[in-house]
Amino acid sequence: MSFITRGFSGRSRERDDRLPPGQTLVHDFPVLSAGPTPDVDTADWEFTIRTESGEHRWSWDEFMALDIEDVSTDIHCVTHWSKLGTSWRGVSLDTLFADVETEQEYVMAHSYGGYTTNIPLDELLDGKAWIAFEFDGEPLDPEHGGPARLLVPALYFWKSAKWVRGLEMMDQDEPGFWEQNGYHLHGDPWKEERYW
Amino acid sequence: MQHLDGNSLAGPLAEFFAFDVTTARARCNGCGEVAELARAMVYRSDAGAVVRCGSCGQVLATLVESEDRAWIGFSGVSTIEVRRAPASS
């Protein structure tokens, strides 16, 4: 039997290996926005995927009839906070892209209110991204992107566009809103891809 | 999200401009409104500041700061008018 414990001070010096470099654990949910919070009624909400060959469109009712998944994941904001084990419900991008044929490899996410962000398509598929409409068992609060936001946990959280209304396929990677204004084109938290 | 008025830009931008940006007038290339930046709407968060036209809400300018760099964008401004000090006689 060992009488040596790690103790409080020893433990605090140890780094949680779920935290990417330069990140600090938080327990609240800070709000970051580039403008006013859009008031989007689910009766008016729609989601589109636009490709070189046409447009796929879902109303809120059609969207809610799709396969809905529970998601538990860590999220990492470029402003140095991380939350571990957050709980979401949403529709996988794999489900939404099941009937979408495209040769284009890059995506621009568009939001109600005008926000945009760019993501390579292969980082949205294979269980890596969702359109989420619940957080912690409650409908997603408008300040956090409700009625629905993109959820791409493997990238910094500015890529998880709030108030998402559609995805536009692109031949080439092009910068979205923050990416044009100083933030990294890709945004991998494990590589600290924060800025240009 | 609550916004501040453009006067809140005075401190953050004083480091980068030799004149008082808040009294400069800028033309919004969305609606054409010409107004002092002090009258713009500023949405500040830890990610950066987004300056929006007080008339139409379009993004006029952005300010992003890291520890060693800053990015100042004027994507929605076509022209800035800067007042000169009166010539002394």
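Residue numbers begin at 1 in each chain, while the letters A, B, ... track the order of the sequences.
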Scored by heavy-atom pairs under 4.5 Å with chain B, the best of A:Thr37, A:Asn181, A:Val78 is A:Asn181
Is it the side chain or the backbone of B:Val42 that comes within 4.5 Å of chain A heavy atoms, both, or neither? neither
Examine distances only and state if a side-chain atom of B:Arg52 and a backbone atom of A:Ala34 form a donor-acceptor pair shorter than 3.5 Å. yes
Kindly say whether B:Ala47 contributes a backbone atom to a donor-acceptor pair with the side chain of A:Tyr183 at under 3.5 angstrom? yes
4.5 Å side-chain heavy-atom contact, B:Val50 and A:Trp178: yes
B:Glu65 portion near chain A, given a 4.5 angstrom heavy-atom threshold: backbone
Shared ILVMFWY cluster between A:Trp58 and A:Ile131, side chains joined below 4.5 angstrom? yes
Atom group of B:Arg44 that falls short of 4.5 Å from chain A, counting heavy atoms: neither
With a 4.5 angstrom heavy-atom cut-off, which part of A:Trp196 approaches chain B: side chain, backbone, both or neither? both
Check this for me: A:Asp28, atom CG, are more than 12 non-hydrogen atoms of other residues, nucleotides or ligands nearer than 6.0 Å? yes
Hey, any chance A:Val91 and A:Trp45 share a hydrophobic cluster, counting ILVMFWY side chains that come within less than 4.5 Å of each other, even indirectly? yes
Hydrophobic cluster membership, B:Ile80 vs B:Phe17, 4.5 Å side-chain cutoff: yes
Side chain, backbone, both or neither of B:Ser66 within contact of chain A (heavy atoms, under 4.5 Å): both
May I ask you to check whether over 12 heavy atoms, not counting those of A:Asp41, lie within 6.0 Å of atom CG? yes
When clusters are formed by joining ILVMFWY residues with side-chain heavy atoms under 4.5 Å apart, either directly or through shared neighbours, do A:Phe135 and A:Trp60 land in the same one? no
Check the hydrophobic clustering (I, L, V, M, F, W, Y; side-chain heavy atoms under 4.5 Å; chains of links allowed) and say if A:Ile49 and A:Leu151 are grouped together. no
Looking only at side-chain N and O atoms, does B:Asp46 offer a donor or acceptor that is under 3.5 Å from a partner on A:Thr79? no
